[in-house]
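The structure presented is a predicted model; accordingly, all values stated were derived computationally and were not measured.
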Amino acid sequence: MENLNNLWLSSGLAQLELAQLFMMAIGFGLLFLAIRRGFEPLLLVPIGFGTLLANIPGAGFDAAPVYDAMGHLASPGGLLYYIYEAGIATGMFPLIIFMGVGAMTDFGPLLANPKTLLLGAAAQVGIFTTVLGAVTLGHFGILDFSIRDAASIGIIGGADGPTAIFVTSKLSPELLGAVAVAAYSYMALVPIIQPPIMRALTTEAERQITMVQLRSVSTAEKIVFPLTLLVLVALLLPDAAPLLGMFCFGNLMRECGVVNRLSDTTQNALINIVTIFLGLGVGSKMSADKFLNWETLGILGLGAVAFCIGTAAGVLMAKLMNRFVKTPINPLIGAAGVSAVPMAARVANKVGLEANPQNFLLMHAMGPNVAGVIGSAVAAGVMISLVSGM
Amino acid sequence: MENLNNLWLSSGLAQLELAQLFMMAIGFGLLFLAIRRGFEPLLLVPIGFGTLLANIPGAGFDAAPVYDAMGHLASPGGLLYYIYEAGIATGMFPLIIFMGVGAMTDFGPLLANPKTLLLGAAAQVGIFTTVLGAVTLGHFGILDFSIRDAASIGIIGGADGPTAIFVTSKLSPELLGAVAVAAYSYMALVPIIQPPIMRALTTEAERQITMVQLRSVSTAEKIVFPLTLLVLVALLLPDAAPLLGMFCFGNLMRECGVVNRLSDTTQNALINIVTIFLGLGVGSKMSADKFLNWETLGILGLGAVAFCIGTAAGVLMAKLMNRFVKTPINPLIGAAGVSAVPMAARVANKVGLEANPQNFLLMHAMGPNVAGVIGSAVAAGVMISLVSGM
Amino acid sequence: MENLNNLWLSSGLAQLELAQLFMMAIGFGLLFLAIRRGFEPLLLVPIGFGTLLANIPGAGFDAAPVYDAMGHLASPGGLLYYIYEAGIATGMFPLIIFMGVGAMTDFGPLLANPKTLLLGAAAQVGIFTTVLGAVTLGHFGILDFSIRDAASIGIIGGADGPTAIFVTSKLSPELLGAVAVAAYSYMALVPIIQPPIMRALTTEAERQITMVQLRSVSTAEKIVFPLTLLVLVALLLPDAAPLLGMFCFGNLMRECGVVNRLSDTTQNALINIVTIFLGLGVGSKMSADKFLNWETLGILGLGAVAFCIGTAAGVLMAKLMNRFVKTPINPLIGAAGVSAVPMAARVANKVGLEANPQNFLLMHAMGPNVAGVIGSAVAAGVMISLVSGM
Amino acid sequence: MQTTLIDQGLNLMLYGMGTVFVFLTVLVFATGAMSAMVRRLAPESDAALLRDNDKASSNDNIDEKVRAAIKLAITEHRRR
Amino acid sequence: MQTTLIDQGLNLMLYGMGTVFVFLTVLVFATGAMSAMVRRLAPESDAALLRDNDKASSNDNIDEKVRAAIKLAITEHRRR
Amino acid sequence: MQTTLIDQGLNLMLYGMGTVFVFLTVLVFATGAMSAMVRRLAPESDAALLRDNDKASSNDNIDEKVRAAIKLAITEHRRR
Ligand code: NA
Ligand code: NA
Ligand code: NA
């Protein structure tokens, strides 16, 4: 009888709290968005499922291992605990993903038109105005945000998942779930968020601007570019070196042409394995006590604002640049500066085609698109460095 | 001269004990069974080779690292030590394998005929009667088995390698070698063990029963099923959540259709890598002091009994169900309830064809076959929970 | 203003020391050799890039994690730190690479003509004369070499990257960068270093010797060979068991024909992933204080000598064997005994074709070539064992 | 624990086997209910759609090497 | 830290956005200079050579399975 | 250790090179004996059988993507 009672007490139903039920509903919501709506499924399926696992009462997925007084392992930790500690707390997983993203990135369009880098810079305005919004909410006691939290929330506007996870795991690990979910959700919502802003800030004539075809870029240029970028990072901004260093390494493996087997594995088996575990590890931070509070609503709201401002800043920067350059830039490609590769570039192309059915902007938008990845990695480095010293 | 003596003393011949020689013979025996007889080679090749490595005198494959008083690494540990501690003691490797098995499992036949789940339940009787056998041997002092040992031995009857390794590494790590070897060996022997039992418990007429063709199962059902299973596990049996949670995760990745690249990697590179290291790690527990004793013979004997009883229970359950259901079940598919996927289902098909050459049972047997995986994972969860509290 | 100053102080330019600049130049040099000159790019691209990363001032790639007084993680370590500690200090990465190399090695030519094993033995003379050279330099105080350093330097002559890394990480970790760079550079230079020595030590007539076609080797022989080798290692030389054990394991997976999916993954995804991280980890030891000294020049010089002597010894051994055997051996294939698979075998083939355009030595040279791998692994085992006891 | 080993074993069998049967019986009904619900909410046409998406994206996945292989195959075939 | 949270945020925005713009502006010029230099030192013919090497080695990479697939494809095709 | 560094080096050379030669010489004979024994116990026909198994299972391994590629290759080829 006692056993039956123990069994009941150890059952999920007896231990279930309303909060966990709510978190499981959120996990199912993420899976629904990922599977039926196609919201960044590669990350949101593992994050959603990790949310379910982390909130099974009594399953101990995120339990730490217990050692006895002699230092022997009395009870091993849960799967998600090990994944989080080994891969996310150390920063390893986001950096390996960044290496894989580098190996998948073609810098050709950017090299053909390097001034589009400025569009990638402008779109980072979204990050920093959001930081300002978060500290304002924190300052007036509306929500409980520190400067570290504000930086983590701002980076959502970078529209780059691994960057957001890297920064948040260093500055505000307890916000990791909310920040990652916001980042990937809004990246998936780019086709809905961006077009109205892009149309509002441009005239029909501007949207019809046709851009000259990009020059072809030699392999030698593509090989030397990641090394150039690395040197600049090393000289000017070592705080951004972890993210951009691994990014450049992946890209060099891709372009150098002599390590194709390493590049293939980086783009496939390795990034897939790490993506699965990164998602599960992020999900392990989706616990009720960290997620079910007003701060999460604040994060979601501020994240949306960050995307909007970033989009607007990219478009406006393009319009500003048109005052100085000879060959005009279609301001729609400025919106691609938020990164969200390649979704934002496709959105720019689509809105451009609406205005002029012969105007294919996709390749032109890929330049600011990858520039946005560099831009937000730079912003990440600056913020980690400055905030750690505050 | 002293050096020559040292060299001799460090040579294998000088250090070799008879027991190690015997264990190496066992390693070669496992390799022979795997390579020439096709006994579950994916696991038994690494386990067999790991057995050889772990028993090379003086090679230190399972040596722990040594730290000096200052906490610096004085001498690194052996390869098998690291593999065991990082992958098996933590439970990581069996869980990752379970994710991969989930990604390789098609629940279609089970969904088309869900009452075959009961056959998967019945076959687990083998597990628990074996537990009873082991405690009886322990109680009368015939062999030195605790309740933890008994649970680990019983799980051999689950006919599921990673489940057996997961349970044993938690409850009785010193039995890991014997239990894993027994589990995989008997899984390989399913085509020899099962048919006589199946024939003895069924009439010719029963074996000739033709089953109606399975209805087609929609993708949506296949997507929702792993989530349904997970919810039930979360509510009723969180102790089974690690194994079944990862299993459901792998299956969801397979079926959801939006993360095919993750599912591919899970089914190939990831499961292969983990299989190699899991096998080597299990082999590291095949040391003479843990394997060369009467308990191992007891484990092998009880394991065989477990398989037989599980098979019989599955067949008898099918016969029992035929008294209550309208469309009769061919009792041969009950034997597939022990899992041993897909071997047991093929055996059911073969014995069925002997009785009626037009009677293809393979797809019908896949239902109880995968149900057996669920059933033994449930049994594993219950046992870990109950035994830890005893 | 203070912030601006902090930002400047944290910038690379402010922290850059001349030594780091020099090391970055070396990193670029390695990348140039790898990408433009094709010097062992699979390793030298990651090592070169790791050198760049490790020498970015202020980036902390090889920083150890910091824990506070309570034992909590205050600041995570750098990527290269974790890679080095987890993969190289433990010996895991070189051993996994060796497993992969085993899975890629065809022992057919060696089995068809086993006496070519002696050529692989002779070429190891290079290792030990180099050890003697290093201790001489150390003895007379010309360079600061201990016996451990001398052994690590000698192993360069083994012309086998993972063996060199394995030995050096155990005996003289601070030399790891220099030794690994020397080993891979000279392996890449084999087509330049070897031919003059081969021509100088052989007559035109010797170089024209045609060898009889190799007999075909059965699969059964190929399966039993790695097990035979393992047994010999276990009995005679357990110190070589880690390297040769994993090598034999990989080769058994390749040849046994029942675990093709494991063998495929070992030869592709797994070895590629580990190669990337091994290279980065080696690069992390390319720091100015460990690399920019006269000892490095000594290592490079002694390494070159080791290759030359090894080549010469292999050729001379072949000439010696010709006095005793009936079917003559073309002494050019003796040079392949240094290993550097398959480069050295190709060089033997090329020099042979110069002397006699119908004389294809490639397959004949593959025997001593893989024998050289075994030979240097044996040498590695002996040296680790002897030196640790000195 | 004053219980004997055999008592523990019996307990384990009773509660263990009971749980397995109860759980899998519940799962039979849950699966049936799930299937019925899914087939009403998302009839086959919808499911077929999903499966088509699946195929499309899996075609996308055919990687470069395979494409190269196809070209090579066709080229080699033509040459003969 | 006697600074208020808002001061910190303003600081972060000022120095952060400044750094992003300065860095990417420098990168625009560095990239332009790099491209100009590379195109002078290694004109397209050289680069094309490199790319050919690339292709060659990537063909080498087509692994056994794919080769087997090609053969199978050709065989199957002929049979029809 | 009163031995000098050079003594240690000489020792290392002597015992090291000796071990390498002894070990590989033993391996020459062991390999010869192994080959002779295997060829008597498992003559080529048996070995060939094994190799066929190998090929069969490696064909099984050709994964879905490659199958899809083959179909595509054939379809595309026909169309032309
Ligand atoms: Na961005
Ligand atoms: Na089972
Ligand atoms: Na060698």
Is any residue of residues 95-103 of chain C within less than 4.5 Å of chain B by heavy atoms, and which ones?
Leu95(C), Ile96(C), Met99(C)
Between Gly58(B) and Pro238(C), the two heavy atoms sitting closest are C-CB, 4.0 Å
Is it true that atom NZ of Lys290(B) has more than 12 heavy atoms of other residues, nucleotides or ligands lying nearer than 6.0 Å?
yes
Can you say whether Ala86(B) sits under 4.5 Å from chain C via the side chain, the backbone, both, or neither, judging by heavy atoms?
neither
Sort Pro46(B) into side chain, backbone, both or neither according to what part of it lies under 4.5 angstrom from a heavy atom of chain C.
both
When rounded to the nearest 0.5 angstrom, what distance separates CG in Leu262(C) from CD1 in Ile271(B)?
10.0 Å
List the steps and the verdict of side-chain contact (heavy atoms from CB on, under 4.5 Å) for Phe249(C) and Leu52(B).
CA-CA 10 Å; Phe249(C) 178 47; Leu52(B) 296 181; over 6 Å; no
Out of Ser388(C), Cys248(C), Ala269(C), which one racks up the most heavy-atom pairs below 4.5 Å with chain B?
Cys248(C)
Chain C contact via Leu280(B) - side chain, backbone, both or neither, heavy atoms under 4.5 Å
side chain
Non-hydrogen atoms of chain C under 4.5 Å away: do they reach the side chain of Phe277(B), the backbone, both or neither?
side chain
Nearest 0.5 Å, what's the CD-CD1 distance between Glu255(C) and Ile35(B)?
10.5 Å
Taking every non-hydrogen atom, the tightest pair across Val258(C) and Pro41(B):
CG2-CB, 3.5 Å
side-chain contact (heavy atoms from CB on, under 4.5 Å) evaluation trace for Leu31(B) with Leu252(C)
CA-CA 10 Å; Leu31(B) 289 175; Leu252(C) 181 68; 4.0 Å; yes
Please round to the nearest 0.5 Å and tell me the distance separating atom CG of Leu235(C) and atom CG of Leu21(B).
8.0 Å
At what distance, to the nearest 0.5 angstrom, does CG of Leu244(C) lie from CG of Leu53(B)?
11.0 Å
Any side-chain heavy-atom pair of Thr265(C) and Asn268(B) under 4.5 Å:
no
side-chain contact (heavy atoms from CB on, under 4.5 Å) between Leu230(C) and Ile56(B), worked out
CA-CA 9 Å; Leu230(C) 183 77; Ile56(B) 296 178; 4.1 Å; yes
To the nearest 0.5 Å, what is the distance between CG (Asp264(C)) and CG (Asn272(B))?
8.0 Å
